[in-house]
Amino acid sequence: MRAGSMIFSLVQVPRCRIHRLANYWGETFHSLSKTCGNNSSVRLLSSRIYGLQGGQKRKWTRRPITTNTEGTGSTKSRSTKHEILSEPILKTFTENVNKEQVVEFDNVQYCNLQQEIAQNKDLSSLVTVITFDIETTGFSRENDRIIEIALRDLQGGENSTFQTLVNPERCVPNSHIHHITTHMVNRPEVPRMEELIPILLQFVRSRQKPRGYVLWVAHNGRAFDFPFIMNEFRRHSTEIPPNWLFVDTLLLARELMKARGTKSTSISLGTLCEHYRIHVDGQAHRAMVDANTLALVLRRLTGDLKLTLSDLVKRSFTAFDIINSKKKKNSD
DNA sequence: TGCCAGGCCCTCTTTAGGGCCTT
């Protein structure tokens, strides 16, 4: 059986009043634990793009890059072969992606999510939940750069994940953290951020529902991942799509801690994994591994907090919120 | 010389500071 066909789509869930996320995603997460690292993904680790502006033709090389990945808590060493996949969807990403399309994408009229929530409607046909993680050259969103990005669409199915190294065009000083070296990313085959953004937008677009929203989930995303992504977009004169919402699992973990009256407990992703006895399948601090781990943590957190998809949307914030809070703080 | 990230939360608190979390 193909892994993708085992994934339980959110769209297939019958409408009901109580939309427990844990119930919705039960099958999805069950499958996730089996399929992490499988071939239901789009990897973009070896690419070359020409002429992003003006819809010029671009070429993609098929140059496999091999990286060694150490398994956490294990002496086993795995060799992962990264190369451009040949699925039709990837062809869609790599052909005819230009800024005009992105602008067209931004002109789409989205549904009124608040109204849908107020009417207690099932949001599963409107919201795409994506866990994601980035690896960077450091903590500074201004001075550091993204060197790896990975996404997992929780509705599963074919091409539900996206991962790639990113060429930062600078040295990587913190390889001891993620084991991504300067040599691995500073290569012509590895896409630069300005090349990657249109493809990333196209991928997300392929996963979202008609007139729907995309809920990005990251751990400590409010302070780190989301502003980092926003800065990269700003640097390359691209606006964050208006239908992107963000949820921070660190805030959910704090909420759970508070509800339980627990204090002074670590709520790092690693500690949450230990708490929930989640097996990390691969090397932590690699984007895809952490995005997969986060998907499992999210399931447990939303289950413990008894959150529906609507509840999660209510706890989300927008790029505007992040910018606004920063401006407000600066003016204080 | 001192700083070199920044948002959120807690507390010995809000006219502030320290710790956690992300790489």
Side-chain angles (χ1 to χ4, degrees), chain A residues 67 69-70 72 130-152 163-182 184-186 193 216-232 234-235 245-276 278 280 282-295 297-298 301 305 315-332:
Chain A
T67 57
T69 306
E70 297 285 342
T72 305
I130 290 177
T131 58
F132 87 105
D133 186 56
I134 57 174
E135 303 305 322
T136 69
T137 58
F139 290 127
S140 171
R141 66 188 70 160
E142 291 297 333
N143 302 321
D144 290 307
R145 294 292 183 270
I146 294 173
I147 53 173
E148 188 177 42
I149 184 166
L151 284 65
R152 173 171 283 278
Q163 65 175 122
T164 184
L165 291 174
V166 184
N167 187 343
E169 299 181 296
R170 62 180 63 191
C171 289
V172 180
N174 55 347
S175 298
H176 62 286
I177 299 292
H178 36 56
H179 298 177
I180 298 172
T181 63
T182 302
M184 284 167 65
V185 290
N186 279 276
M193 203 63 201
W216 293 76
V217 181
H219 197 63
N220 198 27
R222 172 89 193 197
F224 185 73
D225 302 70
F226 307 143
F228 232 109
I229 291 282
M230 288 168 58
N231 262 29
E232 292 283 15
R234 178 182 53 77
R235 226 175 260 126
L245 305 173
F246 303 105
V247 163
D248 188 343
T249 46
L250 187 68
L251 303 182
L252 295 182
R254 281 198 185 121
E255 186 178 335
L256 180 63
M257 229 169 54
K258 194 173 179 181
R260 290 180 170 175
T262 316
K263 291 177 182 175
S264 303
T265 303
S266 170
I267 47 174
S268 68
L269 192 58
T271 305
L272 290 171
C273 281
E274 287 176 18
H275 173 71
Y276 287 127
I278 292 171
V280 178
Q283 181 198 325
H285 283 300
R286 285 304 296 263
M288 195 71 250
V289 173
D290 284 357
N292 287 334
T293 302
L294 182 62
V297 168
L298 176 67
L301 282 174
L305 286 166
R315 284 162 175 75
S316 71
F317 44 90
T318 65
F320 178 79
D321 293 330
I322 294 173
I323 295 168
N324 215 30
S325 65
K326 194 177 174 183
K327 281 181 181 172
K328 191 177 175 184
K329 191 171 182 182
N330 289 339
S331 65
D332 286 343

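All chains are named by letter (A, B, ...) in the order of the sequence lines, taking the proteins before the strands, and each is independently numbered beginning at 1. Predicted model, so just to flag it, every value in this text is computed and none were measured.
- Phosphate proximity of B/dT23 to A/His285: present, with a side-chain N or O under 4.0 Å from OP1 or OP2.
- Here the closest non-hydrogen pair linking A/Met230 and A/Ile323 is CE-CG1, 3.4 Å.
- The nearest whole Å value for the distance from the CD1 atom in A/Ile134 to the C1' atom in B/dG6 is 13 Å.
- Protein atom CG of A/Asn220 is 11 Å distant from nucleotide atom P of B/dG7, rounded to whole Å.
- The side chain of A/His178 contributes no N or O atom lying less than 4.0 Å from OP1 or OP2 of B/dT23.
- Here the straight-line distance linking atom CD of A/Glu274 with atom CG of A/Leu269 works out to 10.5 Å at 0.5 Å rounding.
- Taking atom CZ of residue A/Phe226 and atom C1' of nucleotide B/dT23, one finds them 16 Å apart after rounding to whole Å.
- Counting only heavy atoms from C-beta on, A/Arg141 has its side chain closest to B/dG6 among B/dC21, B/dT23, B/dG6.
- The shortest distance between the side-chain N/O atoms of A/Arg222 and the OP1/OP2 oxygens of B/dG7 is not below 4.0 Å.
- When distances are taken from the side chain of A/Asn174 to each of B/dT23, B/dG7, B/dT22, the shortest belongs to B/dT23.
- Not counting sequence neighbours, the partners of A/Asp144 by the side-chain hydrogen bond (donor to acceptor under 3.5 Å, both in side chains) test are A/Thr137.
- Across all their heavy atoms, A/His178 and A/Thr136 have their closest contact at NE2-O, 3.1 Å.
- With sequence neighbours left out, A/Arg170 forms a salt bridge (Lys or Arg N to Asp or Glu O under 4.0 Å) with no residue at all.
- Straight-line distance from the NE2 atom of A/His176 to the C1' atom of B/dT22: 13 Å, rounded to whole Å.
- Closest approach of A/Asn174 to A/Gly138, counting heavy atoms only: ND2-N, 3.6 Å.
- For A/Arg145 and B/dT23, the CZ to C1' distance is 14 Å, given to the nearest whole Å.
- Using a 4.0 Å heavy-atom criterion, one finds that A/Leu251 contacts the sugar-phosphate atoms exclusively.
- Of the side-chain N and O atoms in A/Ser266, one or more sit less than 4.0 angstrom from OP1 or OP2 of B/dC21.
- On the C1' atoms, B/dC8 is 15 Å away from B/dT14, given to the nearest whole Å.
- Each of A/Thr293, A/Asn292, A/Thr131 was compared with A/Arg152 under the side chain to side chain donor-acceptor pair (under 3.5 Å) criterion, and only A/Asn292 meets it.
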Between protein and nucleic acid, restricted to nucleotides 10-12 of chain B and to nitrogen or oxygen atoms under 3.5 Å apart, what atom pairs and distances do you find?
none

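- For the P atoms, the distance from B/dC4 to B/dG17 is 14 Å, rounded to whole Å.
- A donor and an acceptor atom never sit less than 3.5 Å apart when one is taken from the side chain of A/Asp225 and the other from the base of B/dT22.
- Considering every non-hydrogen atom in both A/Pro227 and A/Gly221, the closest pair reads CD-O, 3.2 Å.
- For the pair A/Glu274 CD and B/dC21 P, the computed distance is 12 Å after rounding to whole Å.
- Aromatic ring centres of A/Phe226 and A/Trp216 lie farther apart than the 6.0 Å criterion allows.
- At whole-Å resolution of the value, CD1 in A/Ile322 and P in B/dG6 are 14 Å apart.
- Within the 4.0 angstrom heavy-atom criterion, base atoms lie near A/Ile177.
- Residue-to-nucleotide proximity on DNA chain B shows that, of A/Asp290 and A/Ala223, the 5′-proximal contact is made by A/Ala223.
- Projected onto DNA chain B by closest heavy-atom contact, A/Ser140 and A/Phe224 fall at different nucleotides, the more 5' of which corresponds to A/Ser140.
- Rounded to a whole angstrom, the distance from the P atom of B/dC3 to that of B/dG18 is 12 Å.
- Going from the C1' atom of B/dG2 to that of B/dC20 covers 24 Å, rounded to whole Å.
- Nucleotides B/dC12 and B/dG19 have their C1' atoms positioned 14 Å apart, rounded to a whole Å.
- In this structure, CD1 of A/Ile267 is placed 11 Å from C1' of B/dG19, rounded to the nearest angstrom.
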